[in-house]
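Below is one structure, written out as structure tokens; the observations come after it.
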Amino acid sequence: MPLAWNEIKSRALAFSKEWAGESSEDAEAKTFWDGFFNIFGITRKRIASFEEPVKKLGNHYGYIDLFWKGVLIVEHKSRGKSLDKAYDQALGYFPGLKERDLPKYVIVSDFARIRLYDLEENQQHEFELKNLHKNVRLFGFIAGYQTHKIQEQDPVNIKAAEQMGRLHDRMKDVGYSGHPLELYLVRLLFCLFAEDTGIFEKQQFKEYIEERTGEDGSDLGHHISTLFQVLNTPREKRLKNLDEHLSAFPYVNGKLFEELLPAAAFDSAMRQELLECCALDWSRISPAIFGSLFQSIMDKQARRNLGAHYTSEENILKLIKPLFLDALWEEFEKIKHNRNRLFEFHKKLRQLNFLDPACGCGNFLVIAYRELRLLELEILRASRAGEQSFLDVHSLLHLNVDQFYGIEIEEFPAQIAQVALWLMDHQMNLLVSEEFGLYFVRIPLQTNSTIVCGNALTIDWKTVVSPWRVSYILGNPPFVGKKEQTSEQKKEVVGIFNDVKGSGVLDYVTCWYKLAIRQMKSNENIKAAFVSTNSIAQGEQVCVWGNWMRSQGAKIFFAHRTFQWSNEARGKAAVHCVIVGFSLQNISSKIIFYYDTPKSDPQTVKAKNINSYLADGPDVYIKSRTIPLSMDVPEMKYGSMPIDNGNLILSKEQMEKLLAAEPEAKSYIRQYMGGDEFINNLERYCLWLVDCPPSLLRKMKKVRESVERNRKYRLGSGREATKKLAEKAALFGEIRQPDGPYLIVPKVSSENRHYMPVGFCEPKIIASGTTLIVPNAKMYHFGVLQSEMQMSWMRQVCGRMKSDYQYSAGIVYNNFPWPEKPTEKQKQAIEAAARAVLDARAQFPGSSLADLYDPLTMPPLLLKAHQTLDRAVDAAYGKTNFKTEAERVAFLFELYQKYTSLFAPEKPKRIRNARTAP
């Protein structure tokens, strides 16, 4: 166990006085460094050797003055000699060392001066020996203190997971697999971490392997099995004649080493892999993210992109800060100068309990625990201000891992979650030790977190932890949309929402919302927040999920709108998601985090009410309509559907080839316009045989062949309606082509475009089923549909195709609240501005709409025309001072609520089938 810093500092001062002015005979260097290590309570002979021979470049041998494998090289010179040359000499030994034995530090000295090189941090420190006591914390790595700041992006996290992955593969290849392998690796993870963070002696695990096992690895499995038993046995119950290396290991407890596993079989290569793992500095590993990386080693495919398979701390903080952490820090700042209130606040922290019902490797629980421990450290600093030291650090620390509960469906990540919480607890204890100068470690482990392996959707959460004990429910349930759900998952959704109409459209994550609210019904003080697929706040799901939430009295008190989430799930490096914080309490302070783009930083906006669309506005639910909500607005329809398996559709090359063979087909070939063709200026064509005389059709052999292929395709369909269409194989299956000009709206448009482009088409251009059309639309309608008002509404209520906007008639267009009573002058202003937009597009005939509406390449002329149009449309609404899109959306929701309260609900009506023939 490391000495307290006060003791180390006192020893350093005595050491520097002892050696002040001493002679510099080389023979005294060993004595000097033995004394130096003794400062930290370390016997130098146990860990480091003097005059270690090593082969240098050119087959010459050299002798390292002091060598601690994998940690330190010391090069000592006579007083007054060059320390630069001493450092160069130390580096010269590196080529002759095994990679795993390369040091992390180099010290050079001449008795009077000491210079420390931290090779991993690329830092250098130099001071006179008389000032050693002032700089002694630089050598905390000798005592066993953690000296590196834990960094999420530290490459050592990836390297550690990769090395463990290789060891995993070798063990699995020899037949050691399943539960024993998973638990074995978790135990090894603990041992590796323990020897670099003061739970074990420095390099104790590595030295046991090197000194007690053969190089061929044949006895390694036996020794590790014995070690696992020793770690689970109290010292007083161990055999009296136990190997001295084994007896030196501490009693761990915590049930981690309780289960008796089958002995593993190692070979020389596997032994080397384990020693390579030992060579890493595990004190730099972040328990918060390593669990996710560690889980990924089970999947070779996922391992190829390990860096993308963990949930970033930044994203986890997006949830826990507004859920509870910000409020706790705010409370602390108010009371930090009042010791009595600090005492009560500290007690309050101990009473908080956290449940993650989809905890995976415990990322959320680990980060939450770390942040609470950091807050506790600030409490101790504030409450003990002015006091020199603590006699008993242990008695002052209240927070522990037993405040954390989790449910995880897979056994391996459940085990990792529990160990990760222990590791984080130890890292925070080291931080406390560093702060107050007294080493503190909770070994043997006395308390555990509660991580239950099971299906959170089928077990009763109350059996994991009583709702009365729960303060917060949080987590990151599986990102599974309704289309990606397995049959089993669909059954689970229907089973949980069996009393909710329309639940078949819901994403998998909504099940966790319902079960969380079930806990809240027992304890209304519970607050919850989940990372969720963003589709739950879009389109048709809102009417089901959001309406049900409101019916239960749940209220959203913070929300992150759509942003990109780095996800630990295998095969998904990033998804677009939202975070929803909710409670049965009506929390007065409500916050929405907006993102200009999914990858940008959030902007914070205070809200009066956060509705299920995660917008500041009334609780409205946009249901699909068959006709527009606003009066005097033309209907929107689908484009024509060929239902032909491509038999009536032609590429440009196919069209040219057909005309070369049958020129008379020219009158019956039309330009075919889908969303992709409209946006990207692509050419496609179709056979439009509506008015083709039968006699001519019979003469056109190649056209007739296409029709015949279409007839066979339709006859072979499993749908009776499609088979019926075989009677009219020359025609599109569903024909909705207008007789006059019409507006064309692509169903899907990139999220990167601020304006989703729409435009006019002539009736001779056939609109496909990937577009929506508005026959009889005027320039005024084009102007409003192309405005910021419509874009804001669309972004708010539309569905998504992946992350792209998915426009719809029933949800977006038919529910859009158009200007209530625009004057003729306002309409004319909109029409003039709309024409200016079309004119600006026409200035760039060689550019596609994709080119024109890319934010990076949008011409200033076109952007200015759109901004003029936006002002004209805003004026028609009677409001022109919108500062943010959030304000605009709130205005539109209020207007929607006004319109729907004025009109009787739409009566369901039968939708007529599209005509299939002229």
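If you read the sequence from its start, that first residue is 1, and numbering goes on from there. Values in this document were obtained by computation on a predicted structure and should not be read as measured data.
Distance alone, capped at 3.5 Å, is enough to place a donor-acceptor pair between the Asn429 side chain and the Asp425 backbone. Although no hydrogens or angles enter the test, the distance criterion places a donor-acceptor pair under 3.5 Å between the side chain of Gln418 and the main chain of Ser449. In this structure a side-chain-to-backbone donor-acceptor pair under 3.5 Å is present from Arg271 to Ile209. For Trp282 (side chain) and Cys191 (main-chain N/O), no donor-acceptor pair under 3.5 Å exists by modelled atom type. Between the side chain of Glu408 and the backbone N or O of Glu410 there is at least one donor-acceptor pair closer than 3.5 Å.
Partners of Leu83 under the side-chain contact (heavy atoms from CB on, under 4.5 Å) rule, at least two apart in sequence or in another chain, are Val108, Asp110, Arg113, Arg115, Glu126.
Sparse packing is recorded around CD of Glu99, with 12 or fewer heavy atoms of other residues, nucleotides or ligands lying under 6.0 Å away. Other residues, nucleotides and ligands contribute at most 12 non-hydrogen atoms within 6.0 Å of the CD atom of Glu215. Remark: Lys69 NZ is loosely packed, at most 12 non-hydrogen atoms of other residues, nucleotides or ligands lying under 6.0 Å away.
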- Message: Run Gln272 and Glu276 through side chain to side chain donor-acceptor pair (under 3.5 Å) and show every step you take.
- Response: CA-CA 6 Å; Gln272 290 302 315; Glu276 292 295 334; over 6 Å; no

- Output, in order, the C-alpha distance, side-chain angles, deciding distance and verdict of side-chain contact (heavy atoms from CB on, under 4.5 Å) for Phe257 and Gln229. CA-CA 7 Å; Phe257 296 94; Gln229 293 178 39; over 6 Å; no

- Item | side-chain contact (heavy atoms from CB on, under 4.5 Å) evaluation trace for Gln203 with Glu210 | CA-CA 10 Å; Gln203 293 194 331; Glu210 286 186 325; over 6 Å; no

- Query: Which is it for Glu195 and Lys206 under the salt bridge (charged side-chain N to carboxylate O under 4.0 Å, His left out) test, yes or no, and what are the steps along the way?
  - Reply: CA-CA 8 Å; Glu195 72 168 353; Lys206 178 186 176 184; over 6 Å; no

- Task: Could you give me the CA-CA distance, side-chain angles and deciding distance for Glu313 and Arg370, then say whether salt bridge (charged side-chain N to carboxylate O under 4.0 Å, His left out) is met?
- Result: CA-CA 11 Å; Glu313 293 184 19; Arg370 182 194 69 187; 2.7 Å; yes

- Task: Please lay out, stage by stage, how Tyr105 and Phe141 fare under the test ring pair (Phe, Tyr, Trp, His ring centres under 6.0 Å).
- Result: CA-CA 9 Å; Tyr105 303 91; Phe141 65 92; 3.7 Å; yes

- Item | Check against ring pair (Phe, Tyr, Trp, His ring centres under 6.0 Å), Phe36 and Phe139 | CA-CA 10 Å; Phe36 187 89; Phe139 304 92; 5.3 Å; yes

- Item | Residues Glu28, Lys30; criterion salt bridge (charged side-chain N to carboxylate O under 4.0 Å, His left out); working and verdict | CA-CA 6 Å; Glu28 297 183 33; Lys30 183 180 295 187; over 6 Å; no

- Using the side-chain contact (heavy atoms from CB on, under 4.5 Å) rule, take Tyr63 and Glu52 through it: C-alpha gap first, then chi angles, then the decisive distance, then the call. CA-CA 5 Å; Tyr63 294 87; Glu52 178 76 16; over 6 Å; no

- Item | Candidate pair His76 and Leu66, rule side-chain contact (heavy atoms from CB on, under 4.5 Å), full reasoning | CA-CA 8 Å; His76 194 92; Leu66 185 150; over 6 Å; no

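Look at Glu207 and Arg212 and you find no salt bridge, because none of the NZ, NE, NH1 or NH2 atoms lies under 4.0 Å from a carboxylate O. With respect to Lys9 and Glu7, no salt bridge is recorded, no charged nitrogen being found less than 4.0 Å from a carboxylate O. In this structure, Asp196 pairs ionically with Lys202, as a charged nitrogen and a carboxylate oxygen lie closer than 4.0 Å.
Heavy-atom minimum distance, Phe404 versus Ala368: CE2-CB, 4.0 Å.
Between Ser283 atom OG and Leu430 atom CG the span is 9.0 Å, to the nearest 0.5 Å.
Side-chain atoms of Val401 and Asn448, non-hydrogen and from C-beta on, never get closer than 4.5 Å to each other. Taking the side chain as every heavy atom from C-beta outward, Trp19 and Thr31 approach each other to under 4.5 Å. Proximity of Leu280 to Cys277: side-chain heavy atoms (C-beta onward) are nowhere separated by under 4.5 Å.
If you look at Phe228 and Tyr184, their ring centroids are closer than 6.0 Å.
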